[in-house]
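See below for the structure under consideration.
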Amino acid sequence: MPRRLLILGSTGSIGTQALDILQQSDEFELVGLSAERNWEQLVEQASRLNVKRIAVADRDAGARASEAWTGGEVLVGPEGLVELVVTSGADLVLNALVGSAGLGPTVATLGEGIDLALANKESLVVGGELVTALAEATGAALIPVDSEHTALHQLMAGLPIGAVERLVITASGGPFRGRTRAQLADVTVDEALKHPTWAMGGKITIDSATLMNKGLEVMEAHHLFGTPYEQIDVVVHPQSIVHGLVDLVDGASLAHLGHPDMRIAIAYALHHPDLAPLPSRRLRLEEVGQLTFEPVDLDAFPCLRLARDAAVAGGTAPCVLNAANEIAVHAFLEDRLPFLGIPAVIYETLSSLGSQRVRAFESLYEADREARELAAELVETVAGTTRASSTTFGESPRVVE
Ligand code: MG
């Protein structure tokens, strides 16, 4: 029996690579696809792959898809995505949505007891404890689709309890590795979008340039593996060959290596607990020659420290950080905010809203809304002043419980 698979975000970088993988497999039956607003590509995918149900998150785009496509059912809006999850009869959902918009479908998937391949790291950043508790309660599997976490997930499988001393996530360092803070003041969107080793969507590529992506990934690892924050470290590794390390209590370390190729992480999650062959480039260390490592420059890339501060504060702080980051990155991509304005907006949003206790998902949705509103106002004020380059981040943001 093929596994019934639903892909959320099928027109993005992860989604299209997942469809490539599926072409080489007869183990899956596609029961639904979704997109944010690229309805033309979504309809093309559905027609080509004989999928009868699609969802479009953007209402205008969804309305156009409904008019244009007669091949099946079109669900519209964020609630349309959730309905697709709940009524699709899927055995496995690949959540490749961008940003905290992925949280609702993650909750719907796990709430139904459906296994989840999770590329939307913001679901765990924002909803961490509640999301993992939900998976535990319903018995649904939660498998990461993120090269570093795929590495750690694979390395940790089968290790005895108490064997792990520390987790290490590698960072390529992004396009601005080696620059000082002052040298980052005038970088352009095009420069920030030129990632040295990974080809990814726009939002995550900017997150990689600021190193916020690593901050989100530290939180993702904490929730996936239950590891305390002081036992999760980040090291810069420009070649992106080593994806993650697990230090053991006896002094040995396990590493996961491979050429950077997201299809390996996607296929791992889709086939878990099995492992399927993939025609990817094979690693030959004598061809690679050198692997180098260096510490993170937290002065030039304060986003990683802001993320750690928010993570340790807990409560709504990670949700606020994430919402402010999404607004700031969006503004940067539209040339409305300088690069250094991204950490400035996040810092001020966090300092102003602090952290509240999270009792239910509703408190997260509320914190997300509030942080987005404030961050949008701050984009206007920060962009018009020199605050972007003068914020010192000398102190942690005032996040209090
Ligand atoms: Mg990653």
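Atoms within a ligand are numbered from 1 in the order they appear, just like the ligands themselves. Count residues from 1 along the sequence. Just the heavy atoms: all of them, side chains too, but no hydrogens, waters or symmetry mates, feed the values below.
Counting non-hydrogen atoms of other residues, nucleotides and ligands closer than 6.0 Å to CG of D250 gives a total above 12.
The atom of D146 nearest to the Mg ion (ligand 1) is OD1, with the search restricted to N, O or S atoms. The atom of E148 that is an N, O or S and sits closest to the Mg ion (ligand 1) is OE1. Considering just the N/O/S atoms of E217, the one nearest the Mg ion (ligand 1) carries the name OE2.
For an aromatic pair to be called close, the ring centres must be under 6.0 Å apart, and H149 with H243 fails this.
In the model, S253 has a side-chain atom that pairs as donor or acceptor with a side-chain atom of D247 under 3.5 Å.
Contact check on D91 versus R3 returns no salt bridge, with no Lys/Arg side-chain nitrogen under 4.0 Å from an Asp/Glu carboxylate oxygen.
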